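Step one of this worksheet: look at the structure below.
The structure displayed is predicted, hence computed values, not measured ones. Letters A, B, ... are given to chains in the order of the sequence lines, protein chains preceding strands, and every chain is numbered from 1.
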Amino acid sequence: MLDMKLIRNDFEKAAELLKKRGVDKEEIARLKEIDERRRKLIQKSEKLKSKRNEVSKEIAEKKRNNESADDVIQSMQEVSKEIKQIDKELEKAEKETWDISTGLPNFPHESVPVGETEEDNEEVSRWGDALISRPGDEPKPHWDLGEDLGILDFARGAKVAQSRFLYYLGAGARLERALYNFMLDVQTKEHGYTEVITPYIVNDESMFATGQFPKFKEDVYELENENLTLIPTAEVPLTNFYRDEILNEADLPKYFTAMSPSFRSEAGSAGRDTRGLIRLHQFHKVELVKFAKPEESYDELEKMTRDAETILEKLELPYRRVVLSTGDMGFAAAKTYDIEVWMPAQNTYREISSCSNTEDFQARRGMIRFRREENNRIEYAHTLNGSGLAVGRAFAAILENYQQADGSIKIPDVLVPYMDGMEYITAEK
RNA sequence: GGAGAAUUGUCCGAGUGGCUGAAGGAGCACGAUUGGAAAUCGUGUAAACGGUCAAAGCCGUUUCGAGGGUUCAAAUCCCUCAUUCUCCGCCA
């Protein structure tokens with residue numbers, strides 16, 4: 001949710017910022033207009049209510065003195081009717097402002113490159129020898145490697161559930177578990193995050209606060225007749241942890257991490273990444289969430305992005321960092337870094353983590369606030385989220401980057417202890 | 001899933017139609033007292049929205065689990081829902 005005051009007081013600036021994100025100026029103008037109408041109605045209604053309260057006191061006074069108050073009561077009946085009428089109009093205006101304002105994306109940070117698509121994203125840095133393909137000239141894609149080794153089973157996933165679901169088997173299941181245990185260990189022991197196990201189903205209020213609702217309902221799995229949704233990311237339950245709460249300034253910053261399954265309907269992505277582990281309806285992710293003071297949130301974003309990158313460096317997987325353009329950023333984000341891991345078989349980098357500062361956008365929606373020590377005033381906190389990392393995509397990257405000429409997979413050194421000393425995954429007999 | 005009880009401010013807790021944003025207590029903050037502390041005394045101690053304002057502040061409206069209703073007027077009466085507790089059923 002945007003700060004309505006900025007739209008009111010500096011319309012041109014607000015409109016310009018939102019234009020970078022593809023929002024029509026007309027729409028902001030309409031919002032401003034309805035908001036003005038809304039506030040006029042509030043004033044009108046409150047004036048009458050103030051009168052009603054005053055006269056109510058008079059009536060009470062008279063009743064206590066056993067005097068008749070019939071005439072006053074009668075006039076108040078009229079006033080009450082009028083209040084009801086105005087409140088009805090007000091409700092309508094409120095719904096209209098709500099409909100527009102809840103659909104507006106966050107203002108982009110000034111450092112974000114302006115653009116319309118992912119083509120306009122800017123590479124920030126690279127790490128590792130991406131272009132040295134390891135086994136030979138023809139690296140195999142991870143889905144072939146996984147099926148040949150008998151550690152991934154897409155066919156049975158589709159049979160038992162649907163396409164874009166799968167089974168991990170034997171050393172594959174073990175590797176998945178090794179990966180997220182490793183990631184959680186690094187984030188908790190080296191980067192100071194508190195490990196959390198969250199609900200995997202959340203209510204509509206939570207989905208609203210983090211920005212998925214009302215605009216992106218088609219991307220998630222909702223339970224029928226329940227007001228409940230399977231989480232599309234642990235960002236939702238983690239960020240909502242402090243919804244409707246006021247924290248102490250001394251409590252900030254706060255770091256949480258959680259491994260969870262994530263459920264996405266992937267509506268509208270038919271035909272894209274249909275093979276392999278890149279785009280699934282259900283996948284594991286180690287999520288990072290921070291609550292920070294406004295003046296520190298961009299430093300925290302840099303640190304969080306490094307926290308994600310560290311995982312890839314320890315796994316010795318080549319990657320690059322890009323900063324998303326205004327056109328490619330998620331709805332709630334003010335600035336986002338994507339970390340893309342090298343996928344040799346596809347000869348390209350693929351997103352494996354996305355780290356965003358939403359500033360106070362989610363905090364406004366979820367009323368996540370803190371009290372300043374110096375003046376006791378209440379402010380919105382800034383919330384950040386990032387993947388640290390997407391486990392399935394890391395799995396895919398390991399298969400492709402660590403494949404050997406004989407089709408086996410070398411286990412990255414840091415994972416060997418998590419695999420009971422196993423150093424290679426070879427075909428199951 | 002069935003039956004019953006409950007839900008008031010940071011916490012405990014009073015309050016069945018009007019003078020209750022809400023008694024009383026605890027906690028917390030500040031001040032007095034003290035060599036310092038404890039005890040004691042005094043003062044203060046919610047949030048959202050709207051208006052005004054450079055700001056501090058001030059004014060108004062709303063909020064007693066949530067939403068709706070009755071009424072001139074609702075913490076208080078009615079309806080729906082949620083949550084918690086107890087008992088029964090089921091169950092990892």
Atom-to-atom span, CG of Asp87(A) to P of G50(B) - whole angstrom:
15 Å
Side chain of Asn53(A) only, heavy atoms from C-beta on: which candidate in A47(B), U61(B), A48(B) is closest?
U61(B)
Determine the contact category for Lys63(A): base if any of its heavy atoms lies under 4.0 Å from a base atom, sugar-phosphate if only primed atoms, P, OP1 or OP2 are that close, otherwise nothing.
base
For RNA chain B, the dot-bracket notation using Watson-Crick and G-U wobble pairs below 3.5 Å, [ ] for pseudoknot-type crossings and | for other-strand pairs, is ((((((((.[[[..)..(.....]]]((((((.......))))))(((((((....))))))).[[[[[..)....]]]]])))))))....
Value in whole Å for how far the P atom of C49(B) lies from CD of Glu46(A):
12 Å
Inter-nucleotide C1' distance (U70(B), G17(B)), Å rounded
12 Å
Would you indicate which nucleotide in C72(B), A48(B), G60(B) comes nearest to any side-chain atom of Gln77(A)?
C72(B)
Nearest to the side chain of Ser80(A), heavy atoms from C-beta on, is which of U70(B), A47(B), C72(B)?
C72(B)
Taking the side chain of Arg39(A) as its heavy atoms from C-beta onward, which of U61(B), C72(B), G50(B) lies nearest to it?
G50(B)
Find the distance between CE (Met207(A)) and CG (Asp219(A)) and round it off to the nearest 0.5 Å.
9.0 Å
I need the CD1-P distance between Ile86(A) and U61(B), as an integer number of Å.
15 Å
Describe the nucleic acid contact of Lys5(A) in one word from base, sugar-phosphate, nothing, applying a heavy-atom distance below 4.0 Å.
nothing
Lys254(A) to Phe291(A) six-membered ring, cation-pi geometry met (6.0 Å, 45°)
no
Have a look at Val289(A) and tell me which of Asn240(A), Thr239(A), Leu384(A), Val236(A) forms a side chain to side chain contact (heavy atoms under 4.5 Å, CB included) with it.
Thr239(A)
Does Phe11(A) have Lys13(A) sitting over its ring (NZ/CZ under 6.0 Å from centre, angle to axis within 45°)?
no
Geometric class of the Trp98(A)/Phe208(A) ring pair [parallel <30°, tilted 30-60°, perpendicular >60°]:
parallel
Counting the atoms with a prime plus P, OP1 and OP2 as sugar-phosphate, which does Arg8(A) contact under 4.0 Å by heavy atoms, base, sugar-phosphate, or nothing?
sugar-phosphate
What about the rings of Phe331(A) and Phe216(A), do their centers lie closer together than 6.0 Å?
yes
Counting distance alone, no hydrogens or angles: does the base of G51(B) have a donor or acceptor under 3.5 Å from a partner atom on the side chain of Gln43(A)?
no
Which nucleotide in C72(B), G51(B), A46(B) has an atom nearest any side-chain atom of Arg371(A)
A46(B)
Between Arg243(A) (CZ) and A66(B) (C1'), how many Å, whole number?
13 Å
Base, sugar-phosphate alone, or nothing: which one does Ser56(A) contact when heavy atoms must sit under 4.0 Å apart?
base
Whichever of Ser45(A) and Ile73(A) has the more 5' nearest nucleotide on RNA chain B, that residue is Ser45(A)
Distance check needed: C19(B) C1' versus Lys62(A) NZ, whole Å only.
16 Å
Pairs satisfying side-chain hydrogen bond (donor to acceptor under 3.5 Å, both in side chains), at least one member in residues 25-34 of chain A, at least two apart
Glu12(A)-Lys25(A)
Please determine, for the side chain of Ile59(A), which listed nucleotide (G50(B), A47(B), G18(B)) has the closest atom?
G18(B)
How far, in whole Å, is U71(B) from G9(B) if one measures between their C1' atoms?
27 Å
Nearest to the side chain of Arg377(A) - A56(B), G51(B), U61(B)?
A56(B)
Apply the side chain to side chain contact (heavy atoms under 4.5 Å, CB included) test between Leu317(A) and each candidate in Ile352(A), Leu312(A), Leu389(A); give the one that qualifies.
Leu312(A)
Winner on side-chain proximity to Met367(A), out of U62(B), G51(B), A48(B), is A48(B)
When the P atoms of A5(B) and A92(B) are considered, how many whole Å apart are they?
32 Å
CD of Glu78(A) versus P of C72(B): gap in Å, rounded?
11 Å
Using a cut-off of strictly less than 4.0 Å, decide whether Lys84(A) has a side-chain nitrogen or oxygen near OP1 or OP2 of U70(B).
yes
With a sphere of 6.0 Å drawn around CD of Glu110(A), does it hold more than 12 non-hydrogen atoms of other residues, nucleotides or ligands?
no
Nearest to side-chain heavy atoms of Ile246(A), which nucleotide of A47(B), C49(B), C72(B)
A47(B)
Taking only N and O in the side chain of Arg38(A), is any of them less than 4.0 Å away from OP1 or OP2 of C49(B)?
no
Spacing between Lys81(A) atom NZ and U71(B) atom P, to the nearest angstrom
11 Å
What is the distance, to the nearest angstrom, from the CG atom on Asn376(A) to the C1' atom on A46(B)?
12 Å
